Amino acid sequence: CGTGEAPLSVQACSAPWQLLTLVCQHTLGAQAVTLRPDWPDAHITLARVQLNLGEPLLALSSYQAAAKLQPDHPDLVSHAYGACLSVLTR
């Protein structure tokens, strides 16, 4: 549950708290983007959660928003686009 490897489903989670945790992380990430749209880390955090929830297109959009703000951000350079593309090309 929440590995970014496959779309999330209730059946995929071994415990209900894992699903609840991802939902809470998504809510907090979305709030961070709303409060600080100029902060790349907010977009990156939201992208990671979206990817873990099985939403690679939304994650890619969030990563792209972060890249517009800080193209050389270490998290973008290291794995962001690759993670999204690997999920999208399955």
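None of these values were measured; they are calculated from a predicted model. Numbers here are sequence positions counted from 1.
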Worksheet item: Got a second to check how far Q64's CD is from L76's CG, nearest 0.5 Å?
Response: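 Result: 10.5 Å between the selected atoms.
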Worksheet item: How long is the gap from OH on Y63 to CG on L46, to the nearest 0.5 Å?
Response: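 Between Y63 OH and L46 CG, I get 10.0 Å after rounding to 0.5 Å.
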Worksheet item: Who else is in L69's hydrophobic cluster (ILVMFWY, side-chain heavy atoms under 4.5 Å, direct or via others)?
Response: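 Listed partners: none, L69 stands alone.
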Discussion item. Checking side chain to side chain donor-acceptor pair (under 3.5 Å) between S62 and each of H43, Q50, R48, which is the one that passes?
Written reply: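 Going through H43, Q50, R48 one by one, the side chain to side chain donor-acceptor pair (under 3.5 Å) with S62 is satisfied by Q50 alone.
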Show the atom names and distances, to 0.1 Å, of all donor-acceptor pairs under 3.5 Å that link a side chain in residues 32-41 to residues at least two apart or in another chain.
| residue | atom | partner | partner atom | Å |
| --- | --- | --- | --- | --- |
| T34 | OG1 | A30 | O | 3.0 |
| R36 | NE | D38 | OD1 | 3.3 |
| D41 | OD1 | H73 | NE2 | 2.5 |

Worksheet item: What closest approach, in Å, do A66 and I44 show between heavy atoms, and which atom pair accounts for it?
Response: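 Closest approach of A66 to I44, heavy atoms only: CB-CG1, 3.6 Å.
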Worksheet entry | Contacts of D72 that satisfy side-chain hydrogen bond (donor to acceptor under 3.5 Å, both in side chains) - sequence neighbours left out |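 Per chain and number, D72 pairs via side-chain hydrogen bond (donor to acceptor under 3.5 Å, both in side chains) with no residue.
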